[in-house]
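The structure displayed is predicted, hence computed values, not measured ones.
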Amino acid sequence: MLDMVLLLHGQHQPLSRIQPQLTQFFTEQYLHGREPTDANITAGADELINGLEEYITESFSTVTVLEGVDITQTNMTFLRQQFARIATHILRCTDHTFGPHLLLMCNQALFECLALNLYCLRGEQSALTAVINHRIRRMSAEVNPSLVNWLTSMMSMRLQVILEHIPVTEDQVLHYVVHRQGEATEMEESDTQHTRESEVHNVETDGALSPAPATTAEEAMVSSREAGATGPSPGDAGALGGASPRETRGGLVMGASGGREESGGEAEPWAAAVPAEWVPIIRNDLLSQRKIKAQPPLSDAYLHGMPAKRRKTVQGDGPHLSLSEAVSRAAKSAGVRPLTEPESLQGALERPELQEAYAEQVKSDIKKRVRDDPDFDTEQFPNIQRAFSLDS
C-alpha cells in the first residue's frame, strides 16, 4: 500500500529497491534464461504481446472505433515497442538511474497508451473509461465487489484529471496506428495524389516565395515575415509548413492551430451567416470551449448568495487536507474496509516520508492550478504568490 502511494506521487524508491528482483524475474520469465540481446528482447516482447490479442479484441468489442482503424493490431504494435524498451532498461541498467528512468518510462507509456486509444475511440472519453472499467472488473472477478467499485470510481476520477493535462499530443502517437488493409491502401493512394498536387503547386509558386537574386539576408527575413503575415492559402500548407497530407487532414478535423485551422474554418457554414469581424471571435470561443476544464470550487461569496439548502448540497464535505483523512473518507464513501487492521493502515499513512511526498504533491498541484488559471492576479493574491514561489 505504501509503495503504491509513493509511486502514484512520483517517488521512484520502491522501484529502485526491487531492482535485483525485477532483473531476475525478466531474465527467467521474460527471456527464459537467454542472453539480453536485442533480438532476444524483441522476441520476448512478441511472445508476450501475441498472447494478449484475444483479450485486447474482447476489451474493445463493445465500443465504437474510428473508421478504418484496426484497434487490436494498433495496441499490439504499441505494447510490443513499449515492453521491449522497458525490458531493455530493466535487463541492462546497472546504475542509480534505474528507478527514476523506469518510472519515467512507465508514466510515458501510460500517457501514450491513453492518447492513442482516445484517438482510436474518436476522442470519446466515456468509451475509454468504459473499456478500462470493464477490464478492471474482469481482472477482479474474485475481489470484494465494494473494493472493485471503489477502484473503478477512483480510476475514473484520476483518468479525467490525467486526460485534462496529458503531456502527449495526437501527432506523437499516430505512428502506432494500424489501419485495416483496404482502408490503408486507399489512404496511401490518397496521400500520394495529394503529395503530387502539392509538388505541382510548390513549383508554380516557387518564384513568388523565393527571395530575388542578390537579396540580403535581412531583406529575405522581412519578406518571409510579410508573406507569413498574409496567412497561407489552403494549398500552401505543405509548401509553407512542411506538413504532410495526413497532418493537414488531421488539422482540419481536430482543430489544430495555425494556417490549417483557418482553412478548415473558412468552409464552416456559420461563417457566412455572421459579420466578418465576428468570425475570429467565434472561432476563438470554439477552441476555448474544447479545452474547458471541470467547474472549480465555488467562492465563499458565491456560496453565500445561494439558499441555505442549495449551499449545503454544493459545499459537500470540504477539502481533504490530510492524506489520512482523504483515504478514510474515500474508503467510507465506497463502503469498503481495509484488509489489515485500521491501525496498521493509519500507521503506514502517517510515515514521515509518505507525508512529505503527499505534501509536496499537494503543493505542486496547487502551484500548477494557479499558474494555469488565467483569472489569477498576483497583486490581488500576494500571499499565494509568496507561499508557492510562483516566479521560480
Side-chain angles (χ1 to χ4, degrees), residues 1-56 59 75-117 132 135-136 138-143 147 151 154-155 158-159 162 166-168 172-173 176 323 339-340 344-345 347-349 351-358 360-361:
M1 177 67 180
L2 175 60
D3 286 347
M4 287 296 295
V5 174
L6 287 172
L7 289 173
L8 285 173
H9 286 81
Q11 304 298 313
H12 63 82
Q13 289 84 354
L15 294 177
S16 299
R17 283 200 304 269
I18 63 171
Q19 179 177 359
Q21 293 91 328
L22 278 174
T23 304
Q24 181 181 359
F25 177 84
F26 269 74
T27 301
E28 296 176 356
Q29 303 299 324
Y30 184 86
L31 291 179
H32 304 294
R34 295 172 293 186
E35 291 295 319
T37 62
D38 290 344
N40 287 339
I41 290 174
T42 300
D46 290 342
E47 181 182 350
L48 176 64
I49 303 306
N50 288 341
L52 300 177
E53 182 170 3
E54 179 183 346
Y55 300 101
I56 295 174
S59 295
N75 275 278
M76 291 181 67
T77 298
F78 170 80
L79 291 173
R80 284 192 191 98
Q81 295 185 33
Q82 295 299 325
F83 267 93
R85 289 177 62 245
I86 292 172
T88 300
H89 177 71
I90 291 174
L91 291 164
R92 294 179 180 174
C93 182
T94 57
D95 57 26
H96 65 280
T97 65
F98 179 87
H101 196 188
L102 180 56
L103 181 59
L104 180 66
M105 294 173 72
C106 290
N107 284 337
Q108 183 66 19
L110 171 63
F111 294 142
E112 290 188 9
C113 182
L114 292 174
L116 176 62
N117 283 292
I132 298 174
R135 197 72 253 163
I136 290 176
R138 288 297 298 271
M139 295 171 63
S140 310
E142 299 180 0
V143 178
L147 180 58
L151 279 173
M154 291 295 290
M155 185 283 306
R158 183 79 173 172
L159 179 62
I162 291 175
I166 192 166
V168 176
Q172 291 176 268
V173 295
Y176 294 116
L323 177 60
L339 299 177
T340 59
S344 175
L345 175 59
L349 293 173
R351 290 179 63 175
E353 61 267 30
L354 183 56
Q355 292 287 336
E356 183 180 352
Y358 177 69
E360 287 300 320
Q361 184 64 39

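To the nearest 0.5 Å, atoms SG (C93) and CG (L22) are separated by 11.5 Å. Expressed to the nearest 0.5 Å, how far CD1 of I41 lies from CD of E35 amounts to 10.5 Å. Distance CG/N75 to CD/Q82: 11.5 Å, rounded to 0.5 Å. Remark: R85 CZ to L102 CG distance equals 10.5 Å, nearest 0.5 Å. Between the OH atom in Y176 and the CD atom in Q81 there is a gap of 5.0 Å [rounded to 0.5 Å]. Taken to the nearest 0.5 Å, the CD atom of Q29 stands 11.5 Å off from the CG atom of L48.
In terms of heavy atoms, F98 sits closest to H89 at O-NE2, 3.0 Å. Across all non-hydrogen atoms, the minimal contact from D38 to R92 is OD1-NH2, 2.7 Å. The two residues I86 and C106 have their closest heavy-atom pair at CD1-SG, 4.3 Å. The nearest pair of heavy atoms linking P167 to F111 is CG-CD1, 3.7 Å. Between R17 and Q21, the shortest heavy-atom contact is O-OE1, 3.9 Å. Here the closest non-hydrogen pair linking P100 and S16 is CD-OG, 4.2 Å.
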- Task: Evaluate the side chain to side chain contact (heavy atoms under 4.5 Å, CB included) criterion for residues Q11 and L354: first the C-alpha distance (whole Å), next the side-chain angles of each, then the deciding distance (0.1 Å), finally the verdict.
- Result: CA-CA 10 Å; Q11 304 298 313; L354 183 56; over 6 Å; no
(request) Start with the C-alpha gap between L114 and V168, add the side-chain angles, then the distance that decides, and say whether side chain to side chain contact (heavy atoms under 4.5 Å, CB included) holds. (result) CA-CA 9 Å; L114 292 174; V168 176; over 6 Å; no
Candidate pair E53 and M76, rule side chain to side chain contact (heavy atoms under 4.5 Å, CB included), full reasoning: CA-CA 7 Å; E53 182 170 3; M76 291 181 67; 3.6 Å; yes
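No side-chain donor-acceptor contact under 3.5 Å links R80 to the backbone of I49. The main-chain N or O of C113 is found under 3.5 Å from a side-chain atom of N117 such that the two form a donor-acceptor pair.
Side-chain contact between Y30 and I90 is absent, with no heavy-atom pair separated by less than 4.5 Å. When side chains are defined from C-beta on, R138 does not count as touching Y55, because their heavy atoms never get closer than 4.5 Å.
No more than 12 heavy atoms of other residues, nucleotides or ligands shown are found within 6.0 angstrom of CZ on F83.
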